[in-house]
K.L.:
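One structure, pasted below without further comment.
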2 protein chains.
Amino acid sequence: MPADPSPDVSAPAVAAPDPAPAAPAEPGRGRRTPRPSGDDRERAILATAEQLLTRRPYADVSVDELARGAGISRPTFYFYFPSKEAVLLALLDAVVAEARLRRDTALRHPAPDREGRWRQVIASVQEPFRSHRAVTLAAAEARASSPAVRDVWSAHMERFVEEAAAEIDAERARGAAPAGLPSRDLATALNWMNERVLHTTFAGHGPAVAEADVVDVLLGVWLRAIYGEPHPR
Amino acid sequence: MPADPSPDVSAPAVAAPDPAPAAPAEPGRGRRTPRPSGDDRERAILATAEQLLTRRPYADVSVDELARGAGISRPTFYFYFPSKEAVLLALLDAVVAEARLRRDTALRHPAPDREGRWRQVIASVQEPFRSHRAVTLAAAEARASSPAVRDVWSAHMERFVEEAAAEIDAERARGAAPAGLPSRDLATALNWMNERVLHTTFAGHGPAVAEADVVDVLLGVWLRAIYGEPHPR
DNA sequence: CTATCGTTCGACACCCTGTTGACAGTCTCG
DNA sequence: CGAGACTGTCAACAGGGTGTCGAACGATAG
């Protein structure tokens, strides 16, 4: 059994978020002390978690496995994280932050045509979900029993819904899109559709859209729901 | 502590599905013996489970609570069900059966106008989900870690997707709907949208559509996605 | 050399699951 | 009516998971 604290993981979600700011102390969740000494251990736990989550569901991963994967004992794990849930939260925060970054970049460099702009909207949700599917699937699973995970996820969705609703309103105001359902309701339905369809595509359970087609399918529904005239015949 | 085996529950999902057929033996999941003697106990367990699930998530309900709620000890619980999962499965089967029944009834009595027909499609999914929201929410939660729950759910969705795809093809064939996305992909996306939007509406977490509006919103998206002309301007 | 502090883990208490074996009713048949 | 079979019941156990406590270890400062 190798005690090497850095297992080979292709692309962990941790990705050194804040090198400069060095948040003084976050007494809520996270490790107990912000000293930089055990940082490698913390990263090893996160990397181990993301790796294990690609193999089995969140509920089937034990704290002991997380600890052993990071080369430490179970009690030592609790020195770095207060629970298994906190590890998932840390992973999820990183993925959400990446999604936000990608989204903001897209907003600053909008595509020239409207189809391209909506494709950016959809792709910015899809990309981080796809590259860290294990974390996202685990978060979806834990959402039901963990209020903290649920809140992070809800806040994330809330921003996407607001942005999409604003975009729909803008298109209607400039006459590009016809009136129809309240923009907020429409944006809510479309965003949840994306979430669920992407989930099934990546999880592969139940009827699903092929991974290569999924953005085109979602985009097709968005365009018709936003721009389609109600009743052609 | 009352030993009364029938706790007061408003409308349990059990609903005595087959009084006459009396299936000889289902050796897979379910209770070990089909004799009618302990039937009340079995129903009491199911009723207790549905009642408890309205108060807390599936993961937080223990076998011991289920047993005590039904007026029996924990080992006795295992005489009736092999696990907590089997209880949820039995509850879910009843809800799914009810949804199927409602759907088949709608198919035999189609509304005269196309909007009414699509409303039937959406409402037949929504109604059982709504009247047994605790079971459905629990099933959604357990789906991630229970292959059996996942399979039941997937099969259920698969049928709805197939039926919706066939209906879309029929509308296109008779010239009522324009060509567009592959009908199967479109039906998949729309059905998952319904599932997720209904889930958030009933669970009340994250951005959601008001319960009174949800069928209208979903119907609006379906109609535009199916009948809307791609680009009006 | 010693005091301190960050870090580590053996051992513990507790909760939950699923199984075993003994036992109590009841029903049937000789 | 009494032996046997079968349903239903539970105390007790084994096993595995979580989270905590306190002793101990090593580096570093005084």
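Within every chain, numbering begins at 1; the chains are lettered A, B, ... in the order of the sequence lines, protein sequences first and strands thereafter.
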K.L.:
Between A:Arg43 and A:Glu50, is the salt bridge (charged side-chain N to carboxylate O under 4.0 Å, His left out) condition met? List the steps.
P.N.:
CA-CA 11 Å; A:Arg43 268 196 297 274; A:Glu50 188 160 13; over 6 Å; no

K.L.:
Round to a whole Å and report the spacing from CG of A:Asp64 to P of C:dC9.
P.N.:
12 Å

K.L.:
How many whole angstroms separate atom CZ of A:Phe77 from atom C1' of C:dT7?
P.N.:
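Computing the A:Phe77:CZ to C:dT7:C1' distance gives 16 Å.
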
K.L.:
So, are B:Arg68 and B:Asp64 salt-bridged, with charged N and O less than 4.0 Å apart?
P.N.:
yes

K.L.:
Using a 4.0 Å cut-off on heavy atoms, which residues in residues 54-63 of chain A reach DNA chain D? List them by number, or say none.
P.N.:
A:Ser62, A:Val63

K.L.:
Can you tell whether the side chains of B:Glu98 and B:Arg103 come within less than 4.0 Å, N to carboxylate O?
P.N.:
no

K.L.:
Thinking salt bridges, do A:Glu65 and A:Arg56 make one under a 4.0 Å N-O criterion?
P.N.:
yes

K.L.:
Whole angstrom is fine here: how far is it from OH in A:Tyr78 over to P in D:dC21?
P.N.:
13 Å

K.L.:
Assess whether a salt bridge exists between A:Glu127 and A:Arg130, defined as any Lys/Arg side-chain N lying under 4.0 Å from an Asp/Glu carboxylate O.
P.N.:
yes

K.L.:
What would the secondary structure line of DNA chain C be in dot-bracket form, counting Watson-Crick and G-U wobble pairs under 3.5 Å, with [ ] for pairs that cross earlier ones and | for pairs with another strand?
P.N.:
||||||||||||||||||||||||||||||

K.L.:
Return no unless some side-chain N or O of A:Ser73 is found under 4.0 Å from OP1 or OP2 of C:dC9.
P.N.:
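So the side chain of A:Ser73 is within the cut-off, an N or O lying under 4.0 Å from OP1 or OP2 of C:dC9.
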
K.L.:
Check this for me: does any side-chain nitrogen of one of A:Arg108 and A:Asp104 sit under 4.0 Å from a carboxylate oxygen of the other?
P.N.:
no

K.L.:
What is the distance from NZ of A:Lys84 to P of D:dG17, rounded to the nearest Å?
P.N.:
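A:Lys84 atom NZ is separated from D:dG17 atom P by 10 Å.
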
K.L.:
Closest to the B:Phe79 side chain: D:dT7, C:dT8, D:dT20?
P.N.:
D:dT7

K.L.:
Rounding to a whole Å, what distance do you find between B:Phe81:CZ and D:dT9:P?
P.N.:
13 Å

K.L.:
Tell me the interatomic distance from B:Glu85, atom CD, to C:dC16, atom C1', rounded to whole angstroms.
P.N.:
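Rounded to the whole Å, the gap is 16 Å.
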
K.L.:
Can you list every pair that meets salt bridge (Lys or Arg N to Asp or Glu O under 4.0 Å) and has a residue in residues 141-155 of chain B, with sequence neighbours left out?
P.N.:
B:Arg143-B:Glu195

K.L.:
Under 4.0 Å between a side-chain N/O of B:Thr76 and OP1 or OP2 of D:dG8, yes or no?
P.N.:
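So the side-chain polar atoms of B:Thr76 never come under 4.0 Å of the phosphate oxygens OP1 or OP2 of D:dG8.
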
K.L.:
Give a yes or no on whether a donor-acceptor pair under 3.5 Å exists between the nucleobase atoms of C:dG18, that is its base, and the side chain of B:Arg74.
P.N.:
yes

K.L.:
Could you walk me through whether B:Glu211 and B:Arg133 pass the salt bridge (charged side-chain N to carboxylate O under 4.0 Å, His left out) check?
P.N.:
CA-CA 13 Å; B:Glu211 190 163 334; B:Arg133 64 183 74 183; 3.0 Å; yes

K.L.:
Check this one for me: any side-chain N or O of B:Tyr80 less than 4.0 Å away from OP1 or OP2 of D:dT9?
P.N.:
yes

K.L.:
Give the rounded distance in Å between these two atoms: CD of B:Glu42 and C1' of D:dT9.
P.N.:
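My rounded result for the distance is 16 Å.
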
K.L.:
From the set C:dC9, D:dT9, C:dT8, return the single nucleotide nearest to any side-chain atom of A:Pro75.
P.N.:
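Minimum distance to the A:Pro75 side chain belongs to C:dC9.
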
K.L.:
Any heavy-atom pair between the side chains of B:Pro57 and B:Asp60 that's under 4.5 Å?
P.N.:
yes

